[in-house]
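First up is the structure itself, then whatever we jot down about it.
Remember, predicted model here, so these are calculated numbers, not experimental data.
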Amino acid sequence: MDFEDADEEAAEPEATTGQAEPRTTGAPGPATTSGDEEEDKGEPIQGQTVGNLPSALRGVVSVTSSASFEEAFTKMQLNGYSQLPVLNGTRNLQGAITWQSIAQARYQDSQAPFSQAIVKAHDVSYADHLIDVLPYLEQHGFLLVRDQTKQIAGIITIADVAAEYGATARPFLLIGDLDRQLRRVISEGLDLQEVITLRDPDKLRNITPFGQMSYGDYQQVLSNQQQWDKLGWPLDRKAFVARLDELRKVLNELMHFNDKDKAGDDAIPKLRNMIELLHD
C-alpha cells in the first residue's frame, strides 16, 4: 500500500564485521561494530531484538543441579511453567528440566536421580536479532536470555513471540482494512474520471482503476469540497479530513517502524473508529 508524502524507506543496516564471541548454542551472536561504525553508535538499532520481548529480561524461576524432583514439580506447578532452567549461579547454565524430560527419566528408571532429567538448554543474547533466533526457538521451544552482564535474565517461548508479533501485526491489519474501506466509499460514490482528473490531470501516473490510488489520493479527493458534497455524508468535512491526515502521519511512522509501539498503541483506536464510521 502506498502512502503519499511518506519518508524514504530507512536503509538496511550494513552487515558488520569482526570476530564474534564463541557461543555454545549455535544461535548467532549480537552484531559487532568496527571502524567507521563506531561513529554511528548513537543511531537507533533497526529491527526487533530478543530484549524487546517482555519476558526476555523479566527474570527466571530456576532450580540448581542438586534440586529434587519435588522442588521442580512445585515451582513448575505454582508458576504454570513447562520448563525450568537449571542454574548453579546466575551465569552458570547447567541445562533445563521439562515435563517431558522428567517423564522420560522416570520412564527409563523409576528411581532416576534428578540429574538424569536435566537436558541441554540453549541461550541467546538479549541483543540478538529476534528474526535470527526464531529457527532455534522453533526447534527447542524455549531459549534462555543473557543480559549485558552475561547473566541469565529471562526466558522466551514460542507463545511470547506469537504475542509480540500479534500485537505488532494488529495496526497493519487495520491499515489494510481502512484502505479497503476508503477505496470502497470513493469508488461507490464518485466518478472515476473526475477523480483521475483531480489526482492525475496530466496522466503521468496512468491511473485506470480506483485500486491504483494511494491513501494520499483518497485523502486529497475527500478534501475537495465538490467531491465531498457528492457523497452526501452528514459529517463535517474538515474534521474528517483532519483525522485522515493525522492517521496518514501515524501510518508513515508505522510503515517505517519509527517508535512502533507508541504509534501502534495510539493508532489502533483511531483506526477502528474511522473504519466503523466508513462502514456506517
* Under 4.5 Å between any side-chain heavy atoms of Arg146 and Val124, yes or no? -> no

* To do: Please name all residues satisfying salt bridge (charged side-chain N to carboxylate O under 4.0 Å, His left out) with Glu70, sequence neighbours left out, ordered by chain then number.
  => none

* For side chain to side chain contact (heavy atoms under 4.5 Å, CB included), just list the numbers for Leu174 and Arg272, CA-CA rounded to whole Å, side-chain angles, deciding distance to a tenth of an Å, and then say yes or no. => CA-CA 7 Å; Leu174 290 172; Arg272 283 178 172 161; 4.0 Å; yes

* **Closest heavy-atom pair and its distance - Leu93, Pro85** => CD1-CB, 4.4 Å

* Any pair with a residue in residues 81-95 that passes side-chain hydrogen bond (donor to acceptor under 3.5 Å, both in side chains), sequence neighbours left out, goes on the list, sorted by first then second residue, please. => Ser65-Asn88, Thr90-Gln151, Asn92-Gln94

* List the atom of Ala117, the atom of Ser101, and the distance in Å for their closest heavy-atom pair. => O-OG, 2.7 Å

* Asked: Met76 and Ile97: which non-hydrogen atoms are nearest, and at how many Å?
  -> CE-O, 4.2 Å

* Asked: Is Leu53 close to Leu130 at the side-chain level, that is, under 4.5 Å between some pair of heavy atoms?
  -> yes

* Asked: Taking only residues two or more places apart in sequence or in another chain, which ones pass side-chain contact (heavy atoms from CB on, under 4.5 Å) with Pro113?
  -> Ser115, Gln116

* By salt bridge (charged side-chain N to carboxylate O under 4.0 Å, His left out) - contacts of Arg180 (at least two apart) -> none

* Asked: Hey, what do you get for NE2 (His140) to CD1 (Ile158), rounding to the nearest 0.5 Å?
  -> 11.0 Å

* Residues which pass salt bridge (charged side-chain N to carboxylate O under 4.0 Å, His left out) with Asp200, listed by chain and number, not counting sequence neighbours -> none

* Identify whether Leu277 and Ile175 are in the same connected component of the hydrophobic contact network (ILVMFWY, side-chain heavy atoms under 4.5 Å). => yes

* Asked: Hey, what do you get for CG (Leu178) to CE (Met274), rounding to the nearest 0.5 Å?
  -> 7.0 Å

* Gap separating the CG atom of Asp191 from the CG atom of Leu198, nearest 0.5 angstrom -> 11.5 Å

* Counterpart residues, side-chain hydrogen bond (donor to acceptor under 3.5 Å, both in side chains), relative to Ser62 (two or more places apart) -> none

* Phe210 vs Met213 side-chain heavy atoms within contact, under 4.5 Å -> yes

* Please tell me if the side chains of Val63 and Leu87 come closer than 4.5 Å, counting only heavy atoms from C-beta onward. => no

* Step-by-step salt bridge (Lys or Arg N to Asp or Glu O under 4.0 Å) determination, Glu71 to Lys75 -> CA-CA 6 Å; Glu71 180 184 353; Lys75 288 185 174 181; 3.1 Å; yes

* Asked: Is there a path from Val119 to Phe142 through hydrophobic residues (I, L, V, M, F, W, Y) whose side chains come within less than 4.5 Å of each other?
  -> no

* Atom CG in Leu190, atom CG in Leu222: separation rounded to 0.5 Å? -> 7.0 Å

* Test side-chain contact (heavy atoms from CB on, under 4.5 Å) applied to Ile131 - qualifying residues, sequence neighbours left out -> His129, Leu134

* Under a single-linkage definition using a 4.5 Å side-chain heavy-atom cutoff for Ile, Leu, Val, Met, Phe, Trp and Tyr, are Ile186 and Leu271 assigned to the same hydrophobic cluster? -> yes

* Minimum heavy-atom separation for Val50 to Ser125, with atom names? -> CB-O, 3.6 Å

* Asked: With a 4.5 Å heavy-atom cut-off, do Asp217 and Val195 have their side chains touching?
  -> no

* Structure fact -> To the nearest 0.5 Å, atom OH of Tyr218 lies from atom CZ of Arg183 at 4.5 Å

* Asked: Between Glu188 and Arg184, does at least one N-O distance fall below 4.0 Å, as a salt bridge requires?
  -> yes

* Sub-4.5 Å side-chain heavy-atom contact between Thr98 and Ile102 -> no

* Structure fact -> Sequence neighbours excluded, the answer for side-chain contact (heavy atoms from CB on, under 4.5 Å) partners of Gln148 is Tyr126

* Using the rule that two of Ile, Leu, Val, Met, Phe, Trp, Tyr join whenever any of their side-chain heavy atoms come within less than 4.5 Å, decide whether Val86 and Ile152 are in one cluster. => no

* Asked: Going by heavy atoms in the side chains, are Tyr215 and Leu182 under 4.5 Å from each other?
  -> yes

* With side chains defined as the heavy atoms from C-beta onward, is the minimum distance between Asn52 and Thr49 less than 4.5 Å? -> yes

* Between Ser110 and Arg106, is there a donor-acceptor pair closer than 3.5 Å when you use the side chain of the first and the backbone of the second? -> no

* Under the side-chain hydrogen bond (donor to acceptor under 3.5 Å, both in side chains) test, residues paired with Thr74 that sit two or more places apart -> none

* Structure fact -> Value for CG (Asn224) from CZ (Arg199), rounded to nearest 0.5 Å, stands at 10.0 Å

* **Distance-minimising heavy-atom pair for Val60 and Ile155** => CG1-N, 3.9 Å

For a quick test of your reading: what N or O donor-acceptor pairs under 3.5 Å do the side chains of residues 230-244 make, sequence neighbours left out?
from	atom 1	to	atom 2	distance (Å)
Lys230	NZ	Glu194	OE1	2.2
Lys230	NZ	Glu194	OE2	2.9
Asp236	OD2	Lys238	N	3.4
Asp236	OD2	Ala239	N	2.8
Arg237	NE	Gln225	OE1	2.8
Arg237	NH1	Ser223	O	2.7
Arg237	NH2	Gln225	OE1	3.1
Arg243	NE	Glu246	OE1	3.2

* To do: Write down the atom of Leu137, the atom of Val161, and the distance for their closest heavy-atom approach.
  => CD2-CG2, 3.3 Å

* Give every residue pair that meets the salt bridge (Lys or Arg N to Asp or Glu O under 4.0 Å) criterion with at least one member in residues 151-160, sequence neighbours excluded. => none

* Structure fact -> Residue set satisfying ring pair (Phe, Tyr, Trp, His ring centres under 6.0 Å) with Phe114, at least two apart, ordered chain then number -> Phe69

